[in-house]
Protein chains: 2
Amino acid sequence: MTTDPASNYSARNYRTPDGAPADIAIFTITTEQRLKATKSLPMRELKVLLIKRKVWPFEGMLALPGGFSRETESMYDTARRELREETGVDGVHMEYFNVYSEPGRDPRGWMISHAFLALVHEDRLLYRKAADDAAEVGLYAVKEIVESRLELAFDHRRIMLDALEQIRRMMLITAIAKEFLPEQFTLSELYQVIRTVVPDFEESNFIRKMKSTQSRSGVLEEVTDAMGNPKKSNEFSQRAAQLYRFTGELPRLSLYG
Amino acid sequence: MTTDPASNYSARNYRTPDGAPADIAIFTITTEQRLKATKSLPMRELKVLLIKRKVWPFEGMLALPGGFSRETESMYDTARRELREETGVDGVHMEYFNVYSEPGRDPRGWMISHAFLALVHEDRLLYRKAADDAAEVGLYAVKEIVESRLELAFDHRRIMLDALEQIRRMMLITAIAKEFLPEQFTLSELYQVIRTVVPDFEESNFIRKMKSTQSRSGVLEEVTDAMGNPKKSNEFSQRAAQLYRFTGELPRLSLYG
DNA sequence: GTAATAGTGTCTCTAAGACAGTATGTT
DNA sequence: AACATACTGTCTTAGAGACACTATTAC
């Protein structure tokens, strides 16, 4: 314990961090038309955006995009700026989820990393690019990374796995599925998106259940046209399906009723 | 954008943070016997632990306990150490919930603060104390702080309010109520604890609902004695009430069934 | 017709929600 | 007997869950 009262606030007396980076795990769901398809739902796959490092440390390895915070910006600002600079992605849903501060996690020194996760609709990733410290920007199938035990730079594998766990949790209790969907969508699309993120989620009667007003909890609503008639789409099927949208209302779940 | 590849990892070229503090919002629920009571449930109140600052900056104001991280420890280690040093509290449920990094939030310099919240049973706070940079440690009613618009040091009012919002959310979707309860408790106690944290929570039929096996979601279970008979308590009532405990199973809630 | 998705019909089981009534045992 | 908590009885409404069945329409 310290005895000098000044020592507790005068940072000059202490070693200070060598940097406060933000790292961002950006997830998207890619869609691919099935070849033999007449009208059918596309194949979907959960992907994470990684860059190949061009410089020491971990040169040549895959890493999450990110970079150092500046004195004049908040961590959220940092994450947003780095995302834009490194990948050309901006204006997407991004949230902070954890700090990584184990001593020795970065060979460059004492680096306290702030991890964000972002959810992006595939279309918004079209203009992505690589910045000067990254050789390459690419989308990698989450399933491959998890199963291959592929190592990422720093502790980024752990960060990515934590981010994945977090979006799986959020997918079921918040309305984030909307980040992967168009504004209006069919219940089959919604079900597909949920299953793509949370493979264990199985609901044989999903559509029927969601059609019961109570089950939607006010979070989903049917889309109607100007005359108040139900609006349908036959993009993915012969028979047209009712379109839904998220209301914007916050889901209120409870263990206790 | 930078053009020198080295500039992105060589922190020496950049201003680095002046410190990375951890601040901890410790909540407890105090119980007080009602005076006129025969056997009755106690009054409960949600309190937060604050210290009165002895030194610049914000000398004399109330603040969350906390302090600076060291190079040899993780943020969680820091929070735990500061909690022990400043308040004598250790071994409690504590979790990280946000980072506070707005420029100018600390007059001592560029300080990126990491906020934890802790939930403590009243009994564990008996041995608390004040350390050298804190004049005083005390429990303050959350309701008073929220309603009085009392300012805290730094941005600690905001941090405290964010922590409060977080425990309200968690109270309903996780089993954290157990941090405020003995291992075995009656459903009335549980209901009281929930209501103390989340005043809006009203369930007229709470006990009946929880007695239905489905509603408990496997998270609550009845306590039985060695012979398998239901174990009851008449601590708070004339008629003995069934005791329950948390199973340790994780609640699985979902918007979508 | 076939394929692919989008539903509906029907049944059983059980929870939800309201609210009045009963149970227990100390004071 | 009064009190404070702990239930139970009873009724209505409605979701859950399973699964077979029908609907739509491009091809």
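Each chain gets a letter, A, B and so on, in the order its sequence line appears, and its residues count up from 1.
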Problem set entry | Below 4.0 Å: OP1/OP2 of C:dG17 and any side-chain N or O of B:K209 | yes
For this session: Return each pair, listed once, that meets side-chain hydrogen bond (donor to acceptor under 3.5 Å, both in side chains) where at least one residue sits in residues 140-149 of chain B; pairs must be two or more places apart or across chains.
Result: none
For this session: Please identify each residue that fulfils side chain to side chain donor-acceptor pair (under 3.5 Å) with B:E151, with sequence neighbours left out.
Result: none
Exercise. Roughly how many Å is it from CD in A:Q33 to P in C:dT5, rounded to a whole number?
Worked result: 11 Å
Exercise. Cut-off 3.5 Å, side chains only: do B:H114 and A:H114 have a donor facing an acceptor?
Worked result: yes
Exercise. Just by modelled atom types, is the A:P230 backbone N or O under 3.5 Å from a matching donor or acceptor in the A:T224 side chain?
Worked result: no
Problem set entry | Spacing of A:F206 atom CZ relative to C:dT5 atom P, expressed in whole Å | 16 Å
Exercise. Contact class for A:L41 vs. all strands (heavy atom < 4.0 Å): base, sugar-phosphate, or nothing?
Worked result: sugar-phosphate
Seminar exercise, completed: Side-chain atoms of A:A241 come closest, of C:dG7, C:dA16, D:dT8, to C:dG7
Problem set entry | Value in whole Å for how far the P atom of C:dT5 lies from CD of A:E235 | 13 Å
For this session: With the side chain of B:S204 defined as its heavy atoms from C-beta on, choose the nearest nucleotide among C:dG17, C:dG7, C:dA18.
Result: C:dA18
Exercise. Could you state the CG-C1' distance from B:N234 to C:dT27, rounded to the nearest angstrom?
Worked result: 14 Å
Exercise. Taking CD1 from B:I207 and P from C:dA16, how many angstroms apart are they, rounded to a whole number?
Worked result: 15 Å
Exercise. Whole Å only: how far is the CZ atom of A:F236 from the P atom of C:dG7?
Worked result: 14 Å
Problem set entry | Which residues share a side chain to side chain donor-acceptor pair (under 3.5 Å) with B:T31, sequence neighbours left out | B:E122
Problem set entry | For atom CD of B:E202 and atom C1' of C:dC19, their distance in whole Å | 16 Å
For this session: Identify which nucleotide among D:dC7, C:dG7, D:dT24 has an atom closest to any side-chain atom of A:Q238, counting heavy atoms from C-beta outward.
Result: D:dT24
Seminar exercise, completed: Between NZ of A:K211 and P of C:dG7 the distance, given in whole Å, is 4 Å
Tabulate protein N/O versus nucleotide N/O from nucleotides 9-12 of chain D, keeping only pairs under 3.5 Å, one per line.
unit_1	atom_1	unit_2	atom_2	d
D:dG9	N7	B:R208	NH2	2.9
D:dG9	O6	B:R208	NH1	3.4
D:dG9	O6	B:R208	NH2	3.2
D:dT10	O4	B:R208	NH1	2.7

For this session: Determine which pairs satisfy side-chain hydrogen bond (donor to acceptor under 3.5 Å, both in side chains) with at least one residue from residues 160-174 of chain B, sequence neighbours left out, and list them in order.
Result: B:Y100-B:D162, B:R158-B:D162, B:Q166-B:R169
Problem set entry | ring-ring contact (aromatic ring centres under 6.0 Å, His included) contacts touching residues 225-252 of chain A (sequence neighbours left out) | A:F185-A:F246
